[in-house]
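What follows is a set of notes on a single structure, which appears directly below.
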There are 2 protein chains.
Amino acid sequence: MFKRYLPILSWLPHYSTRLLGADLLAGIIVTIMVIPQSLAYAILAGLPAVVGLYASLLPAVFYAFLGTSRTLAVGPVAIIALMTGAALSKVAVPGSVDYVQAALVLSLLSGLMLTIMGFLRLGFFANFLSHPVIGGFLSASGLLIAVSQLKHLLGIDAGGYTAVALLESLAHHLKDIHWPTVAVGVGTLTFLVVTRRLGRRALTALRLPAGLAALLVKAGPVAAVVVTTLISWRLDLSSHGVATVGAIPAGLPGLTLPAFDMSLWHALLVPALLISVVGFVESISMAQMLAAKRRERISPNQELVGLGGANLAAAFTAGMPVTGGLSRTVINQESGAQTPLAGLFAAIGIGAVTLALTPLLEHLPIATLAATITVAILTLVDIGLIRQTWRYSRSDFSALAVTLVVTLVEGVEAGIIAGVALSIGLFLYRTSRPHSAVVGRIPGSEHFRSITRHDVETVSHVALLRIDESLYFANARYLEDTLYSLVASRPELTDVVLICSAVNLIDASALESLDAINARLKDSRVTLHLSEVKGPVMDRLKLSDFLDHLTGRVFLSTYAAWAELHRVRD
Amino acid sequence: MFKRYLPILSWLPHYSTRLLGADLLAGIIVTIMVIPQSLAYAILAGLPAVVGLYASLLPAVFYAFLGTSRTLAVGPVAIIALMTGAALSKVAVPGSVDYVQAALVLSLLSGLMLTIMGFLRLGFFANFLSHPVIGGFLSASGLLIAVSQLKHLLGIDAGGYTAVALLESLAHHLKDIHWPTVAVGVGTLTFLVVTRRLGRRALTALRLPAGLAALLVKAGPVAAVVVTTLISWRLDLSSHGVATVGAIPAGLPGLTLPAFDMSLWHALLVPALLISVVGFVESISMAQMLAAKRRERISPNQELVGLGGANLAAAFTAGMPVTGGLSRTVINQESGAQTPLAGLFAAIGIGAVTLALTPLLEHLPIATLAATITVAILTLVDIGLIRQTWRYSRSDFSALAVTLVVTLVEGVEAGIIAGVALSIGLFLYRTSRPHSAVVGRIPGSEHFRSITRHDVETVSHVALLRIDESLYFANARYLEDTLYSLVASRPELTDVVLICSAVNLIDASALESLDAINARLKDSRVTLHLSEVKGPVMDRLKLSDFLDHLTGRVFLSTYAAWAELHRVRD
């Protein structure tokens, strides 16, 4: 019972020195690795860089106690940061106190929603974000984030939260390019791309173990941060107009209280919901992938509670919305983390840095962080997935394409809503015009297959019609049309068998249609039979009086119907 | 080709004197019968009574040429009149010139929408109004209309367009009850209820033929109109405060031009859409019922064009939104109408009345019309359907109940939207948690049934799992959960067969899940097989590389899988 709500109880009693060693090492590596991205994502959201560090402390600790994944790492992530920026810029001016305050409200709302969804067991809601919608959204977000970083890489003061607005604003200010900033930004970008592309191969050639080589390549951003900070400090780049992180208040975050301002809450309600759902989907996808590798189980509803707790913690400790992140989890995993304690150790490590070492970050150029984000984020643009989806299904592709385009043109929230609405609409449309097949017997067997696809036996006075969909309101009329056409086109018919092997539900509308069909076929002296009706569907039919009116019989199998009806006339 | 867009061409060439006689007679009867209800529905919509006559002229002629139903009668109907009143009262003051103008705009918009939907072949949209939603809506409308007529029956000046608002307003003005009006209203009401309940039996007892008796009973409202008009005229009731129809401009309607006022159009857009859809659903349900009786075919998309044309005609001839009506169609049918010419003759008849006899209607009490509406409309309240839906399915019942309650409390538009949204939501929820069953072989047969419902053969190292739903984004994760639980709970498993007889689609999300399942089961040394994959689904799978990775085989039948896997180990 307690284990279900405090998953930490299921592994802590079995904890060992061996696990402690592994978790400690992972904690130290993660501390170093995630500092640049934490700062970068806070800036992506338009918040002071230090907020990214704050949001990596207590939220990670809360998740360690409440979450069901052993190695998921929780903190600020790129997409959530982007959505946070888009939401906050509608209610406050970036850089203002109100803006930072609104970030707390957003974390609080998101935390409350996730927790409530968890207690109401609404984890299944995330299922309505289909893979194509997520794919289109991630690709668009990658492009959008990359475009949003251009201003930092070029030293231009541009604004906007859609790709179109950003590019327009950039084009407008192109004459203001600040070349020293470009030198830092493009220099870092080139360094990161090269280490990513060639680093691992080069290091493996130096006979380093593959695992260490991979980790060193991932340390590229850390090296870039250290080197550009040193250069910036020695050359005093900020006095030459290169934007830097600037003075960071030393020390741990104080306890913050999100503003209780109804109009602000109201304005942030929809963004908070979308941030919650998107964050949950990113997090749970990652957690399930890891759990699958390690043969563990994830509870989606408990994950909601874990992420909810993390966001509530962020709201009260000067943070920003957080979730389980792709890159930080991969780092945690590859550093050898075994239990959530690794996350706890990393939080302690980042806390130590926040407490003591923030003055070192003062000279860190923003352009370096922008380069870090750009390189990390462009991997989200998944051309392979787009191509593969196009090949597999035009309908899935259209959901992907609409999500991608609307996200780029109108922004992240509109993109997700459009994608989900289109997916649902297409599904409903498809089920409203179900596939059906007139089938015949595969000679000598008890199997029946479509007469257009297979060489099968048929009898002229019996039609065997298989409907490949549940019968419900959206296709009830279509069912009538299909049956009436069938009967109209074959005047010699005396018996129609409706094969229900693919019918998982008959709702009240469809039942009424079946009643109408039965009565109308009776007028035409055609008997209606059913076959292969599933248990739950049959139970339901017995609650109505349809079976009393049915002119024909309900056969256990299509073969039984065939044997019976075939015989009657021969 | 022409026949498809002008259905009149398919029957006019075969027209005969016998058909002409029948149609003429029906036209005359319909003329007399529908005048009271046409006046009443115009008043229900808050419009001058004569508008109801105007809307029974040209719209009916247009439908006769464009519609595919032979005996559907088009004109003002109760529900559409109620929705028209609710929509217009939001944009203009009842009784004002603007109000009448707005009715023309509403007809125009509705006509355009219906026509465009017809050309775009969007007739299937009406399918999303499920039977329970329509049932709940009709019952609520019946109650709502009855409540809305109370003020006319009681001679009270009350307002509002939701049941709650109407009753509140009535309660507020209850002291203003006008007893002479009550005498007319309640007197008529009693007369109509009695003729309806006892009339046919009494007339049949008098040895009149059943058909004639039925028609005479239907003439009850005509008798009530004639008698109360005479009384009202002789006693000069209007000078005693009984509201009457009053002076009606004699003559046919002039050509009217709906106002081109963008803000008005915008305000009426959603009501026009709902009026179009509800009108179409009422009309097509009736048309299909009639066509079924007469072995004719209805084309839903051409019906949209026919109703669209009728509403456009209404917009340009001082009318109001129209559709195929329940009661007027039944009268037309029972009077022996054979072709749409009957509708044309009735339109000519009503035109003659409008031209010459409107002065006779001046003294007709509104209370008489209110009583006519009330009696006709209360038959919409279908307690039997409500009880039956409750018994058959709680989910269908909840859609019905929500539509009914929201329509009463919030109004017709909110009611329909809430009902449709809930139906779709429930359908999606259900398909997101599909039924699945582990099956075994019915001894000695090639059939497989659920191990919990039947006494079947099983083998411990093979699991046969039947998923009773298409696999798509909303249930992809559920599929993973189901399979992982199955494998986790049976460590001796070596083979899992996924029976796809009820799988009508595998979308890109589900394909990705199947890929993940396949890979994960492979890690656990469990082989994944499929069986009974349908043709279209298989075609789709061949477009992906899933089949190349699949660890097991795709069996034509579950029996083939059983035979093969059973043998392997024994």
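Numbered from 1 within each chain, the chains take letters A, B, ... in sequence-line order.
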Hits for side chain to side chain contact (heavy atoms under 4.5 Å, CB included) against Ser450(B), two or more places apart or cross-chain, chain-then-number order -> Ala437(B), Thr452(B), Arg453(B)
Lys534(A) portion near chain B, given a 4.5 angstrom heavy-atom threshold: side chain
With sequence neighbours left out, write down each residue that passes side chain to side chain contact (heavy atoms under 4.5 Å, CB included) with Arg477(B), or none if nothing qualifies. Asn127(A), Ile284(A), Gln288(A)
Under a 4.5 Å heavy-atom cutoff, which of Arg433(B), Glu512(B), Glu532(B) has the most pairs with chain A? Glu512(B)
In terms of heavy-atom pairs under 4.5 Å with chain A, which of Ser513(B), Ser557(B), Pro536(B) leads? Pro536(B)
Name all pairs fulfilling the side chain to side chain donor-acceptor pair (under 3.5 Å) condition that reach into residues 421-432 of chain B, sequence neighbours left out, sorted by first residue then second. Thr431(B)-Tyr472(B)
Determine the option with the most heavy-atom pairs under 4.5 angstrom with chain A, choosing from Ile134(B), Leu541(B), Leu428(B). Leu428(B)
Name the option with the most non-hydrogen atom pairs under 4.5 Å to chain A; the candidates are Ala474(B), Ala476(B), Ala510(B). Ala474(B)
So CG of Leu505(B) and CG of Asp468(A): to nearest 0.5 Å the spacing works out to 11.0 Å
For chain A, which residues of residues 392-404 of chain B have at least one non-hydrogen atom nearer than 4.5 Å to it? Tyr392(B), Ser393(B), Asp396(B)
Pick from Arg391(B), Glu469(B), His454(B), His435(B) with the largest number of heavy-atom pairs that fall under 4.5 Å of chain A: Glu469(B)
Nearest heavy-atom neighbours spanning Phe427(A) and Phe427(B): CE2-CE2, 3.6 Å
Looking only at Thr389(A), Ile424(A), Val503(A), the option with the highest number of non-hydrogen pairs under 4.5 Å against chain B is Ile424(A)
With side chains defined as the heavy atoms from C-beta onward, is the minimum distance between Leu511(A) and Gln388(B) less than 4.5 Å? no
Max heavy-atom pair count under 4.5 Å with chain A, selected residue of Asn475(B), Asp545(B), Asn504(B), Leu543(B): Asn504(B)
Could you state the interatomic distance from CZ (Arg466(A)) to OG (Ser501(B)), rounded to the nearest 0.5 Å? 9.5 Å
Proximity breakdown for Ile517(A) and chain B, heavy-atom pairs closer than 4.5 Å: neither
